[in-house]
Peer 1: 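The structure under discussion is supplied below as structure tokens; questions concerning it will follow.
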Amino acid sequence: PGVLPLGALVLPVPGLMRILGIDPGLQRTGFGVIEAQGARLAYVASGTISTAEAPRGDLPLRLKIIFEGVREVVQRYTPDCATVEIVFVNVNPQSTLLLGQARGAAMAALVAADLAVAEYTALQMKKAVVGHGLANKSQVQEMVRRLLALPGLPGKDAADALGLAISHAHAGASFAALARTTTLERRQHAQYRKGRSY
């Protein structure tokens, strides 16, 4: 009694972190899962959540598909944390609003799963993965392929999601090092204080 059979107890690997990256989109939401241990990165999974089956004008159904898709990814791959791309206002305010709602559905699924969520801009991701913020989609795909030693190029949405996860793997280590030496005050993007965003 009280003795477990050999192999029954699985201990977590020290310093191993599984990160889920989400590249939100109303038609296609990319996801990418990697494992990071120090400087070592390993590919776990990637793909897209498509809302093509929903009628074009049915926004609530599309948001439901995104929410449930992200929730399924979380349940299947059990990440330790997640990261989502920050949406900026572009030329078309309506497109920005729709993209923001898709992003909100994805973030709600992550938060409902009690995951810590970090946020990075596309510029930050491109700098972390490619080395400069003006990189195009194909450059991000190629660098993600190299960094994760993939046999082929990931899809564009999946590559962006994997790039976000890679960015967090690098930045997370830096933030942890800073936290050990100084007191860090959490500053969250897209928060509002007295009616102003900062």
Side-chain angles (χ1 to χ4, degrees), residues 10-13 16-37 40-87 95-122 124-125 128-129 137 140-141 144-145 147-172 188-190:
V10 179
L11 297 174
V13 179
L16 184 67
M17 180 170 57
R18 183 169 282 198
I19 307 166
L20 167 61
I22 297 288
D23 178 40
L26 192 58
Q27 294 182 35
R28 288 178 307 279
T29 291
F31 70 88
V33 185
I34 66 168
E35 286 184 343
Q37 187 173 24
R40 188 189 68 82
L41 302 176
Y43 173 85
V44 176
S46 64
T48 56
I49 299 162
S50 172
T51 63
E53 64 188 59
R56 191 163 183 84
D58 194 342
L59 178 62
L61 179 55
R62 285 178 177 247
L63 297 179
K64 180 185 179 193
I65 292 169
I66 293 168
F67 179 88
E68 291 180 345
V70 171
R71 187 171 61 178
E72 182 181 330
V73 169
V74 170
Q75 290 172 347
R76 180 174 298 178
Y77 299 108
T78 60
D80 299 305
C81 58
T83 178
V84 181
E85 184 174 314
I86 296 172
V87 176
S95 296
T96 304
L97 179 62
L98 292 172
L99 179 57
Q101 291 181 77
R103 182 176 182 272
M107 287 192 73
L110 297 171
V111 174
D114 293 324
L115 286 175
V117 180
E119 299 172 89
Y120 298 93
T121 64
Q124 289 172 319
M125 182 272 285
V129 173
K137 292 274 189 184
V140 172
Q141 286 175 285
V144 165
R145 184 193 69 77
L147 290 169
L148 298 176
L150 300 176
L153 290 178
K156 293 178 181 179
D157 300 302
D160 283 352
L162 288 165
L164 289 163
I166 291 168
S167 300
H168 189 60
H170 295 319
Q188 189 73 18
H189 289 282

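Index from 1, following the sequence.
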Peer 1: Taking C-beta and beyond as the side chain, do Leu162 and Val33 meet within less than 4.5 Å on heavy atoms?
Peer 2: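 They are not in side-chain contact.
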Peer 1: Of all the heavy-atom pairs spanning Ala128 and Ser167, show the shortest one and how long it is.
Peer 2: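 That closest heavy-atom pairing would be CB-OG, 3.5 Å.
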Peer 1: Quick check: do Arg62 and Gln101 have side-chain heavy atoms less than 4.5 Å from each other?
Peer 2: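 No; the side chains remain at least 4.5 Å from each other.
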Peer 1: Between Gly32 and Ala165, which heavy-atom pair has the shortest distance, and what is it?
Peer 2: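 Here Gly32 and Ala165 meet closest at O-CB, 4.2 Å.
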Peer 1: Is a side-chain N or O of Thr83 found less than 3.5 angstrom from the main chain of Ala118, in a donor-acceptor match?
Peer 2: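 Side chain of Thr83 to backbone of Ala118: a pair is present.
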Peer 1: Looking only at heavy atoms, what is the nearest atom pair of Pro55 and Leu61, with distance?
Peer 2: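 Looking at all heavy atoms of both residues, the closest pair is CD-CD2, 3.9 Å.
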Peer 1: Hey, could you give me the CG/SG distance between Leu115 and Cys81, rounded to the nearest 0.5 Å?
Peer 2: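 So the gap between those two atoms works out to 7.5 Å.
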Peer 1: Tell me whether Lys64 at atom NZ has more than 12 heavy atoms from other residues, nucleotides or ligands lying less than 6.0 Å away.
Peer 2: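 Counting neighbours around NZ of Lys64, 12 or fewer heavy atoms of other residues, nucleotides or ligands fall under 6.0 Å, so no.
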Peer 1: Would you give the length of the straight line joining atom CD of Glu35 to atom CE of Met17, rounded to the nearest 0.5 angstrom?
Peer 2: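 Rounded to the nearest 0.5 Å, the CD-CE separation comes out at 10.5 Å.
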Peer 1: Is there side-chain contact between Gln27 and Arg56, with at least one heavy-atom pair below 4.5 Å?
Peer 2: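 When only atoms from C-beta onward are counted, Arg56 and Gln27 do touch, with a gap below 4.5 Å.
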Peer 1: Within this structure, what is the CG-CD1 distance for the pair Leu41 and Ile34, rounded to the nearest 0.5 Å?
Peer 2: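 Reported to 0.5 Å precision, the distance equals 5.0 Å.
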Peer 1: Can you tell me if Thr51 uses its side chain to pair, donor with acceptor, with the backbone of Ala54 under 3.5 Å?
Peer 2: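 Looks like no, no N/O pair under 3.5 Å.
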Peer 1: Over all heavy atoms of both residues, which pair between Val70 and Ile22 is shortest? Give the atoms and the distance, please.
Peer 2: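 That would be CG2-CD1, 4.2 Å.
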Peer 1: Under the 3.5 angstrom rule, does the side chain of Arg103 hit a backbone N or O of Glu85 as a donor-acceptor pair?
Peer 2: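 Looks like yes, one N/O pair under 3.5 Å.
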Peer 1: Decide yes or no for Tyr120 and Ile86: does some side-chain heavy atom of the first lie under 4.5 Å from some side-chain heavy atom of the second?
Peer 2: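 Heavy-atom side-chain distance check fails, nothing below 4.5 Å.
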Peer 1: Between Thr48 (side chain) and Ser50 (backbone), is there a donor-acceptor pair under 3.5 Å?
Peer 2: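 It does not hold such a pair.
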Peer 1: About how many Å separate NE2 of His168 and CD1 of Ile19, when rounded to the nearest 0.5 Å?
Peer 2: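 Ile19 atom CD1 to His168 atom NE2 measures 5.5 Å (nearest 0.5 Å).
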Peer 1: If you measure from CD on Gln124 to NE2 on His170, what distance do you get to the nearest 0.5 Å?
Peer 2: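 With rounding to 0.5 Å, CD (Gln124) is 13.5 Å from NE2 (His170).
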Peer 1: Please check if the side chain of Thr29 supplies one atom and the backbone of Ile49 the other of a donor-acceptor pair under 3.5 Å.
Peer 2: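 Side chain of Thr29 to backbone of Ile49: no pair is present.
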Peer 1: Salt bridge or not for Asp157 and Arg28, using N-O below 4.0 Å?
Peer 2: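 Salt bridge: yes.
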Peer 1: Donor-acceptor pair, distance only, cut-off 3.5 Å: does the side chain of Glu72 make one with the backbone of Gly69?
Peer 2: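 No; judged by distance alone, with no hydrogens or angles, the pair does not exist.
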Peer 1: Would Val140 and Asp160 count as a side chain to side chain contact (heavy atoms under 4.5 Å, CB included) here? Give the steps.
Peer 2: CA-CA 7 Å; Val140 172; Asp160 283 352; 3.7 Å; yes
Peer 1: Taking all non-hydrogen atoms of both residues into account, name the closest pair between Arg145 and Pro154 and its distance.
Peer 2: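 Between these two residues, the closest heavy atoms are CB-CD, 4.4 Å.
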Peer 1: Is the closest side-chain heavy-atom distance between Met125 and Ile166 below 4.5 Å?
Peer 2: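 Of all side-chain heavy-atom pairs linking Ile166 with Met125, none is under 4.5 Å.
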Peer 1: Counting only heavy atoms not in Arg40 (residues, nucleotides, ligands), do more than 12 fall under 6.0 Å from its CZ?
Peer 2: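 Check passes, neighbour count above 12.
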Peer 1: So Leu110 and Leu20, do their side chains get closer than 4.5 Å, heavy atoms only?
Peer 2: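 A side-chain contact exists here, since the closest heavy-atom pair is under 4.5 Å.
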Peer 1: Quick check against the 3.5 Å criterion: does Asp80 have a side-chain atom that pairs as donor or acceptor with the backbone of Arg18?
Peer 2: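 Answer holds: yes.
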Peer 1: Looking only at non-hydrogen atoms, find the nearest pair between Phe67 and Ala108 and report the distance.
Peer 2: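 Reported closest heavy-atom pair: CE1-C, 3.7 Å.
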